[in-house]
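Keep in mind the model is a prediction, meaning the values are calculated, not measured.
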Amino acid sequence: MLQRCILRPYHLLTLVLCVSAREDFDWTKNERTSFYYGTFPTGFSWGAGSSAYQTEGAWNIDGKGMSIWDAFAHKKGKIFSNDTGDASCEGYYKFKDDITLMKDMKLNHYRFSISWPRILPSGLKSEHINERGIKFYEDLINMLLDNKITPVVTLYHWDLPQVLQEKYGGWQNATMVNYFNDFANLCFERFGNKVKNWITFNNPWSIAVEGYETGEHAPGLKLKGTGAYKAAHHIIKAHAQVWHTYDMKWRSKQKGLVGISLTADWGEPVDITNQRDIEAAERYFQFSMGWFATPIFNGDYPQVMKDYIGRKSGQQGLGASRLPVFSPQEKSYIKGTCDFLGLGHFTTRYVTLKNYPSGLGDSYFADRDLAELVDPQWPDPGSEWLYSVPWGFRRLLNFVKTQYGNPMIYVTENGVSEKMLCTDLCDDWRMQYFKDYINEMLKAMKDGVNVKGYTAWSLLDNFEWDEGFSERFGLYYVDFRSKNKPRYPKASVQFYKRIISSNGFPNQREVESWKRKAVETCSSSNQLLAADPLIGHMEMVTEIVVPTVCTLCILLSAVFLMFLLRGRL
């Protein structure tokens, strides 16, 4: 789910805001305005999100093949506390219960992903289609529609079939483009009559950088300076091919939309009177979201990426740039392949120039020539990388508007985590985060940004990739210690529900009462959660102690019977 393109340790700074100007984006117009009371347009869509590996569990059930995350998580030392997604939230079995939670929240849409290896165990449509996997997603989609919740389907949320990684090297290999297109075509064929909103890839930055540059994510490769660029190149081409397949074969019949979800932090210049800092902040954007969005909207990589990577490649004695090149035909094919832009956003950084000598070696991070900084006054409620900086969201939305001609945007991920040991369901920090970030989105829409929907990340606490279960983003608390994985509503459930019901923030008096009422309603859930150790103890007695005692009794009875028979003989 999440993008963590940050350098540790963070630097702390005192901020100086001055005056500068740009034609396309006004860096001086950083209005830290007061809270805006108002509502969203009629038809604005409210939702929550999840992904297959993070929630489904059932990793080897009903014919599902192994994914790269199954393989990666099973290697000791790769995931915090050696957690795995083998069971996770047991969403494969509990999706009906979860849809009941969504209905109660009055969600308009639910964003989830289809597990490629669950419906194509080997990754290849030509080899075997797992009908039990198909049926699971059919049942999920049908129940969502029965409850008037629109399904928003992500085709690839990081769980590549392991067979394709082992045989072909995964996204390092151009053959993935056709294999992914076959998978997508199968999804359009089986689910397209009921699904009208498709996302090809979720946060390809993380797939490329953390999967093939740093090795923090599956498949765990460290191909520094080349692996991320090659993976991204194939992902962009795969996205374009799927868009064209839908456009030519399915659009007229199914009347759906195909987009991509890109995650980006906002980068603000440390000193907006310093042109080098402004350029560094623009580079920060272009090396993250622009890396994928600019080819899709304009047909080629951002010029600054071509310049910087090309120059550093030359300084390193390479005969060609480490950044792959699109042919003229590919540029034309890729350009315009986006019916809507999915935007994931969580936090902000201050950015300044920092030169990295080419002698330090190949590295995506060194290619950017910048440093990321944070303000010590920014709240940091949970994950060490996630600071609450609401004004950055409005800035990012306006920048995307100027860069890409005001595309139709769906916010596909936005949320905040809590600290690992926190089990207080009265999550006032999350309510404040949602309130402030959603309000900045509303201000951006007043600025003219074309946002059509918002997706809170996430519906449930789930498996947060290399952080395992140590980071909790959910509106609902999941007790992972319990076999049944019960869900408990946090206060933010009621708070978000009130935003949805009011379609925004109608007036000050009403909005100020929401948090108080939400905290009041979470006390009973806290009592249930406090009783969980007892529940866990009873489960242990039922599942371990009782069977063990019964087995011992049977053995002792057998021994006693044996001695009794010997005595009679």
Side-chain angles (χ1 to χ4, degrees), residues 45 47 49-53 56 63-65 67 95 109-146 149-161 164 171 175-202 204 207 234-262 296 333-334 336-342 408 410 412 453 455:
S45 188
S50 73
S51 83
Y53 186 75
E56 284 179 4
K64 178 186 171 294
S67 77
F95 73 90
H109 70 264
Y110 175 53
R111 182 189 170 209
F112 64 95
S113 73
I114 291 176
S115 169
W116 186 347
R118 192 175 293 285
I119 66 174
L120 295 177
S122 71
L124 301 181
K125 183 180 178 182
S126 58
E127 291 188 358
H128 174 60
I129 297 173
N130 181 25
E131 293 296 338
R132 287 174 291 182
I134 295 280
K135 185 178 186 304
F136 166 70
Y137 292 112
E138 284 178 340
D139 291 345
L140 171 60
I141 291 164
N142 287 336
M143 188 173 179
L144 286 169
L145 293 172
D146 288 345
I149 300 169
T150 299
V152 178
V153 176
T154 305
L155 291 167
Y156 189 86
H157 204 128
W158 307 359
D159 47 355
L160 182 77
L164 298 184
W171 290 106
T175 58
M176 291 304 106
V177 175
N178 290 330
Y179 293 149
F180 180 68
N181 189 61
D182 289 342
F183 160 63
N185 198 47
L186 175 63
C187 292
F188 297 150
E189 176 187 337
R190 296 298 189 94
F191 312 124
N193 287 333
K194 296 180 178 179
V195 174
K196 307 303 177 187
N197 302 277
W198 297 96
I199 294 169
T200 53
F201 291 91
N202 178 76
I207 301 168
H234 296 143
I235 287 169
I236 292 165
K237 291 201 285 187
H239 160 82
Q241 185 163 323
V242 167
W243 187 92
H244 281 288
T245 295
Y246 189 82
D247 196 50
M248 292 185 291
K249 190 173 181 180
W250 301 106
R251 191 184 299 276
S252 62
K253 304 173 187 175
Q254 298 176 354
K255 311 296 184 187
L257 301 174
V258 177
I260 190 169
S261 178
L262 305 178
I296 289 169
Y333 188 74
I334 292 165
T337 55
C338 200
D339 298 323
F340 66 89
L341 176 62
M408 181 166 64
Y410 283 88
T412 43
T455 309

*Do you know which two heavy atoms are closest between P151 and I141, and how far apart they sit?*
CG-CG2, 4.2 Å
*At what distance, to the nearest 0.5 angstrom, does CG of L186 lie from CZ of R190?*
5.5 Å
_H157 side chain to N202 backbone, donor-acceptor under 3.5 Å_ = no
*asked:* Within the 4.5 Å heavy-atom criterion, are Y137 and V153 side-chain neighbours or not?
replied: no
*Would H109 and T455 satisfy side-chain hydrogen bond (donor to acceptor under 3.5 Å, both in side chains), going step by step from the backbone distance to the final call?*
CA-CA 8 Å; H109 70 264; T455 309; 2.8 Å; yes
*T245 and N181 side chains, donor-acceptor separation under 3.5 Å*: yes
*Does some side-chain heavy atom of F191 sit less than 4.5 Å from a side-chain heavy atom of L140?*
no
_Which heavy atom of Y53 sits nearest to which heavy atom of D159, and what is that distance?_
N-OD2, 4.3 Å
*Quick check: does any side chain N or O of R111 sit under 3.5 Å from a backbone N or O of T412, one acting as donor and the other as acceptor?*
yes
*Quick one: pull up CD1 in I114 and SG in C187 and give me the separation to the nearest 0.5 Å.*
4.0 Å
_Closest contact, heavy atoms only, W158 versus I207_ = CD1-CG1, 3.5 Å
*asked:* Could you check whether any side-chain heavy atom of I334 comes within less than 4.5 Å of a side-chain heavy atom of W243, counting everything from C-beta outward?
replied: no
*Side-chain donor/acceptor of S113 to backbone N/O of A52, under 3.5 Å*: yes
*asked:* So which atom in S67 and which in P117 form the shortest heavy-atom distance, rounded to 0.1 Å?
replied: CB-CG, 3.7 Å
_W116 side chain near L164 side chain, heavy-atom distance below 4.5 Å_ = yes
*asked:* Which heavy atom of G123 sits nearest to which heavy atom of P161, and what is that distance?
replied: CA-CG, 3.6 Å
*Check whether any side-chain N or O of D339 sits under 3.5 Å from a backbone N or O of V258 as a donor-acceptor pair, and report yes or no.*
yes
_Candidate pair S50 and Y110, rule side-chain hydrogen bond (donor to acceptor under 3.5 Å, both in side chains), full reasoning_ = CA-CA 8 Å; S50 73; Y110 175 53; 2.6 Å; yes
_Beyond-backbone contact of D182 with L124, side-chain heavy atoms, under 4.5 angstrom_ = no
_Less than 4.5 Å apart, side chain to side chain, heavy atoms only: is that true for E56 and F136?_
yes
_I'd like to check Y333 versus Q241 (side-chain heavy atoms, cut-off strictly below 4.5 Å). Are they in contact?_
yes
*With a 4.5 Å limit on heavy-atom distance, are the side chains of I119 and F183 in contact?*
yes
*Gap separating the CD1 atom of I260 from the CH2 atom of W198, nearest 0.5 angstrom*: 15.5 Å
_Rounded distance (nearest 0.5 Å) linking atom CG of L120 with atom OH of Y179_ = 12.5 Å
*What's the spacing between R251 CZ and H244 NE2 if we round to 0.5 Å?*
10.0 Å
*Indicate yes or no for a side-chain donor-acceptor contact from K196 to the backbone of Q254 under 3.5 Å, with no hydrogens or angles considered.*
yes
*Do you know the tightest heavy-atom contact between V177 and A238?*
CG1-CA, 3.8 Å
*Report the C-alpha separation of V152 and Y410 in whole Å, then their side-chain angles, then the decisive distance to 0.1 Å, and conclude whether the side-chain contact (heavy atoms from CB on, under 4.5 Å) test is met.*
CA-CA 11 Å; V152 178; Y410 283 88; over 6 Å; no
*Measuring from F180:CZ to H239:NE2, what's the distance to the nearest 0.5 Å?*
9.5 Å
*asked:* Could you check whether atom NZ of K125 has more than 12 heavy atoms from other residues, nucleotides or ligands sitting under 6.0 Å from it?
replied: yes
